[in-house]
Enquirer: 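Supplied in structure tokens, the structure appears directly below.
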Amino acid sequence: GINAEYMGHFLSVYFFSPSMPKNKGKGGKNRKRGTNKNEAVKRELILKEEGQEYAQCTKMLGNGRIEASCFDGVKRMATIRGKMRKKMWVNHGDVILVGLRDYQDGKADVILKYQADEARQLQKQGAIPESLKIVEREADDPSEGFVFGDGEGSDEDSSEPEEAVAKESSSESDEEVDIDNI
């Protein structure tokens with residue numbers, strides 16, 4: 001068989017050797033996915049320049065495109081730029097800054113998404129209409145957009161039709177017996 005002294009030397013060299021590296025990593029991309037780095041940072045308010053316009057997202061079209069209702073009165077199809085695609089989510093009702101295209105008036109590019117407090121500052125300054133409803137979003141709310149019915153009302157309603165069905169079936173069975181007797 002294998003010599004015990006040789007086996008001890010083998011174990012000490014390969015498993016307990018200080019030359020083996022220690023794991024110092026903190027995890028992969030899934031660890032980074034849960035953290036929101038943008039939330040804590042307080043940034044200065046960026047105002048529109050020439051060739052840019054404030055807008056509100058009215059419809060999600062998919063594939064990084066949205067329908068934006070610009071505050072100059074024109075509805076445009078806007079493309080979310082690659083830098084924003086996976087890091088900052090643009091949702092229905094968000095206030096955004098779009099870059100207008102000189103050669104296509106019906107299309108624009110999303111440059112920046114304003115947070116709710118920044119959008120309120122823009123309203124106070126008069127840059128966007130006061131009548132605009134600013135949507136507040138909580139990152140922790142997983143049931144956003146879903147409405148679930150309570151189970152209490154459905155139990156009471158379902159018992160009554162069952163009783164009616166039972167009465168109908170018993171009257172039908174009486175008729176069946178009469179047909180068989182003839």
Enquirer: Give me the atom names and distance for the closest heavy-atom approach of Gln125 to Leu45.
Expert: NE2-CD2, 3.7 Å

Enquirer: Salt bridge check, Lys113 against Glu118: does any charged N sit closer than 4.0 Å to a carboxylate O?
Expert: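 The answer is no: the pair does not qualify as a salt bridge.
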
Enquirer: From Ile46 CD1 over to Gln52 CD, what is the distance, rounded to the nearest 0.5 angstrom?
Expert: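 Spacing of CD1 (Ile46) from CD (Gln52) equals 9.0 Å.
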
Enquirer: If you define the side chain from C-beta out and look only at heavy atoms, does anything of Tyr54 sit under 4.5 Å from Leu47?
Expert: yes

Enquirer: Do His92 and Val135 have side chains that get closer than 4.5 Å, going by heavy atoms?
Expert: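 Not in contact.
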
Enquirer: Can you find a heavy atom in the side chain of Glu53 that is under 4.5 Å from one in the side chain of Lys48?
Expert: yes

Enquirer: As an exercise, state the distance from CD of Gln56 to CZ of Phe71, rounded to the nearest 0.5 Å.
Expert: 5.5 Å

Enquirer: Hey, is Asp109 close enough to Arg81 for a salt bridge, meaning N to O under 4.0 Å?
Expert: no

Enquirer: Consider side chain to side chain contact (heavy atoms under 4.5 Å, CB included). Of Asn91, Thr58, Asp94, Ile96, which one does Ile66 pass it with?
Expert: Ile96

Enquirer: Give a yes or no on whether Leu122 and Ile134 share a hydrophobic cluster (residues Ile, Leu, Val, Met, Phe, Trp, Tyr; joining criterion: side-chain heavy atoms under 4.5 Å apart).
Expert: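 They do not share one cluster, since no chain of ILVMFWY contacts under 4.5 Å joins Leu122 to Ile134.
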
Enquirer: Tell me whether Val110 is reachable from Ile128 by hopping between hydrophobic residues (I, L, V, M, F, W, Y) whose side-chain heavy atoms are closer than 4.5 Å.
Expert: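 Different clusters: Ile128 never reaches Val110 through Ile, Leu, Val, Met, Phe, Trp or Tyr contacts under 4.5 Å.
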
Enquirer: Within a reach of under 6.0 Å around CD of Glu49, are more than 12 heavy atoms found that belong to other residues, nucleotides or ligands?
Expert: no

Enquirer: Less than 4.5 Å apart, side chain to side chain, heavy atoms only: is that true for Gln115 and Arg43?
Expert: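 Yes, side chains in contact.
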
Enquirer: Show your working on salt bridge (charged side-chain N to carboxylate O under 4.0 Å, His left out) between Glu130 and Arg120 and close with a plain yes or no.
Expert: CA-CA 9 Å; Glu130 289 286 332; Arg120 275 192 285 282; over 6 Å; no

Enquirer: For residues Thr79 and Lys107, determine if any side-chain heavy atom of one lies less than 4.5 Å from a side-chain heavy atom of the other.
Expert: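 No, too far: nothing below the 4.5 Å cut-off.
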
Enquirer: List the steps, then state whether side-chain contact (heavy atoms from CB on, under 4.5 Å) holds for Ile80 with Arg65.
Expert: CA-CA 6 Å; Ile80 301 171; Arg65 291 188 169 89; over 6 Å; no

Enquirer: Starting at CG of Leu97, measure out to SG of Cys70 and round the result to the nearest 0.5 Å.
Expert: 10.0 Å

Enquirer: Set out, in order, the CA-CA distance, both residues' side-chain angles and the distance that settles side-chain contact (heavy atoms from CB on, under 4.5 Å) for Leu112 and Met88, then state yes or no.
Expert: CA-CA 9 Å; Leu112 179 76; Met88 188 177 290; 5.8 Å; no

Enquirer: Locate the shortest heavy-atom distance separating Asn63 from Arg85; write the atom from each residue and the value.
Expert: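 Nearest pair, atom of Asn63 first, then Arg85: O-NH2, 3.8 Å.
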
Enquirer: Tell me, do Leu100 and Asp102 make a side-chain contact under 4.5 Å, heavy atoms counted?
Expert: no

Enquirer: Please find the pair of heavy atoms, one from Asp105 and one from Arg76, that lie closest to each other, and give the distance.
Expert: O-NE, 2.8 Å

Enquirer: Return the CD to OG distance between Gln123 and Ser131, rounded to the nearest 0.5 Å.
Expert: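 The distance works out to 8.0 Å.
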
